[in-house]
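The basis for the numbers below is simple: all heavy atoms, side chains too, and nothing from hydrogens, waters or symmetry mates. The sequence lines fix the lettering, A, B, ..., with proteins before strands; numbering per chain opens at 1. Because the structure is a prediction, the values reported are computed rather than measured.
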2 protein chains.
Amino acid sequence: MTIYDVAKRAGVSIATVSKVINNTGNMRESTKQRVKKAMEELNYHPNVMASALMGKGTKTLGLLVPDISNPFFSEIAKVIEDRAHEKGYNVIICSTDENAEKEKKNVELLQSKLVDGFIVGSTYSDKSIVQNLTEAGVPVVMLTQDDPAIDVSQVFVDDFKGGYEATIHHLQNGHHRIAIISEQMALSSVKRTEGYLQALKTYGIRPSEEYLVKTRGTIANGIKAFDRLFRLPEPPTAIFACNDQLAIGVMLGAQEKGIKIPDQLSLVGFDDTILARATYPRLTTVAQPIAEMGKTVVDLLIDEIRLGHSKKERILYNPRLIIRETTDRAKVENI
Amino acid sequence: MTIYDVAKRAGVSIATVSKVINNTGNMRESTKQRVKKAMEELNYHPNVMASALMGKGTKTLGLLVPDISNPFFSEIAKVIEDRAHEKGYNVIICSTDENAEKEKKNVELLQSKLVDGFIVGSTYSDKSIVQNLTEAGVPVVMLTQDDPAIDVSQVFVDDFKGGYEATIHHLQNGHHRIAIISEQMALSSVKRTEGYLQALKTYGIRPSEEYLVKTRGTIANGIKAFDRLFRLPEPPTAIFACNDQLAIGVMLGAQEKGIKIPDQLSLVGFDDTILARATYPRLTTVAQPIAEMGKTVVDLLIDEIRLGHSKKERILYNPRLIIRETTDRAKVENI
DNA sequence: TTGTACGCGTTATCAG
DNA sequence: CTGATAACGCGTACAA
């Protein structure tokens, strides 16, 4: 099933077949039809790898995410795929976890010829991956990460603001003992933590080291974080979880301990994944505009691929606090 | 950063470099060290594509799923990745949607040189994709699909039994008007429907065409299906949704209409994704052993890659009905 | 140790 | 208008 087979069947040379495929050069209509017929009969499809070898694009985008089982990433992956398909591109997803170097080097090197560009949504502390890629001239757009030090297009929400508003919401409800559970590996989480700190400051509250727990952003870790927080002599009355999974973990942990949300504990999440609407009570959370972000990041990347150079746009979206049922005016007794 | 660069820097030929990389042939220890040093200095990594071109494996697995935003698939994708990593393999995920032919042909052809094997979890009606792959000698294992007509290893749950037990559960609770919402594209859904029908039969209940809705397995479609079912002159008192997403959709739809679950409507899902534990009330659902299935499918595929041929095992897992809070002994008035 | 033909399936360039 | 053939990129493998 190569052009040789087609050529043989059509009784022409491979050059002619190639021309038919690429619609280049002129030839007798009858020849063209003969070739086309042969292609159909043999169910021939051009080998993408060989084209890639010749420097042609593969019409494929690479998407790097830290954890595909996190609904935020699987939802945005879906949006990205849909948009890419609309524009005639395929996407392959690599869930890089946080195995740092090795995995990712592998992944990206492996891809660098196979995909026309990358959407990097992973949460590296190590930025060399992106840097290597751009130096090698591979189009890259970063998603979810705001790092001014890296010279590529970026699409992200204002994490600081999101963290700030989540915390202010708790404060306005009368809470003072507000804990934060953040993702240790994520740049976005440090921004969200800064927002949290800033909000505390405007209310004149000294942050407590004990109320700041860093972990990986899974449900299991959310449960653990909750347990740790509630073994404190003075447990928090409100928690800001830096993603919805963590928040679900808190809810599950609280449920087990018989602690009522929002009566005894207020909770805000981040992302507004399907999880936030499926829980009971429904989760108050900071929404990221997943649909727009996914669409934008694809458009940006494809532009860059076509243009041949990066526009280095940094597109900042506004997070939006969605108040549902896990937060309520507090009935705080002490102070 | 090719072997040529390394060779130049080390002052040897590329042949020597190649030998060092592959640990073949003999050479002076000092030469070997010189080459190794050069490789490190240049941060050289063998180009996987070139090796692939030469017929070497890429230590990469391809995973095809119909919809990555479905937690069942994103959760199993995660398990598959973890297991693959343990064994030194990477995995790239393609969410093929149901765009049938075009997309998938593209995807798989694109991969056929790039990955050492495939895990196919998609829900084709068109089995030619898998067939082509196996004919081309590419290792393939099917996940989630039981199709005796296809001659490859398969890992799946007993969908018939799952559907049967879900329905029996409803029947035992006194329900007679039981609807089913199935995924139109999924082979597994037809099995589950058969189980549903069989259960009805053992209770001597004639299935009603109106209670059988087929749709795509998303939350949005779950809501729609619910709406349709509840506009019926005689709405069902129980629903079996063929996946958790559909079930969530039903819950959301019911909530909107003010219909109480389980008081006014009993609900069983399928998959036991995180969704089932996060909702309120928590979802009664038929669990698939996601962790084992993911692990098994990877082991099977890697075996096949190493062996060079398929063992054509068909591994059947038992589904397990997990009774939570969306089903309750019915308070059915009529009949 | 080294030189170098070879492999993959195209595309592209010239002759004919 | 069509065909022969040289790239393309990067290793592998075998003869020298």
What pairs with [X] under salt bridge (charged side-chain N to carboxylate O under 4.0 Å, His left out), at least two apart in sequence or on another chain?
{"X": "Glu86(A)", "result": "Arg83(A)"}
{"X": "Lys32(A)", "result": "none"}
{"X": "Lys312(A)", "result": "Asp151(A)"}

(message) Within the structure provided, determine whether Gln184(B) and Arg216(B) are in side-chain contact (heavy-atom separation under 4.5 Å).
(response) yes
(request) Take atom CG of Asp5(B) and atom P of dC10(D), then tell me their distance rounded to the nearest Å. (result) 9 Å
(message) Could you tell me how far apart Gln33(A) (CD) and dC1(D) (P) are, to the nearest whole angstrom?
(response) 14 Å
(request) Could you pull out all residues at least two apart from Ala38(A) that satisfy side chain to side chain contact (heavy atoms under 4.5 Å, CB included)? (result) Val6(A), Arg9(A), Ala10(A)
(request) Determine whether more than 12 heavy atoms belonging to other residues, nucleotides or ligands lie under 6.0 Å from atom CD of Glu40(A). (result) no
(message) Using OP1 and OP2 only, check whether a side-chain N or O of Thr31(B) sits under 4.0 Å from dT1(C).
(response) yes
(message) Using OP1 and OP2 only, check whether a side-chain N or O of Thr16(B) sits under 4.0 Å from dT2(C).
(response) yes
(message) As a test of understanding, state which of Thr296(A), Val297(A), Val157(A) forms a side-chain contact (heavy atoms from CB on, under 4.5 Å) with Ile315(A).
(response) Thr296(A)
(request) Produce a footprint string for nucleotides 10-16 of chain C: one letter per nucleotide, 5' end first; B if the base is under 4.0 Å from any protein heavy atom, S if only the sugar-phosphate is, - if neither. (result) BBB----
(message) Using C1' atoms of five pairs at each end, report the bend of the helix from dT1(C)-dA16(D) to dG16(C)-dC1(D) rounded to 10 degrees.
(response) 60°
(request) Might you point out which heavy atoms bring Leu301(B) and Gly117(B) nearest each other, and give the distance in Å? (result) CD2-C, 3.9 Å
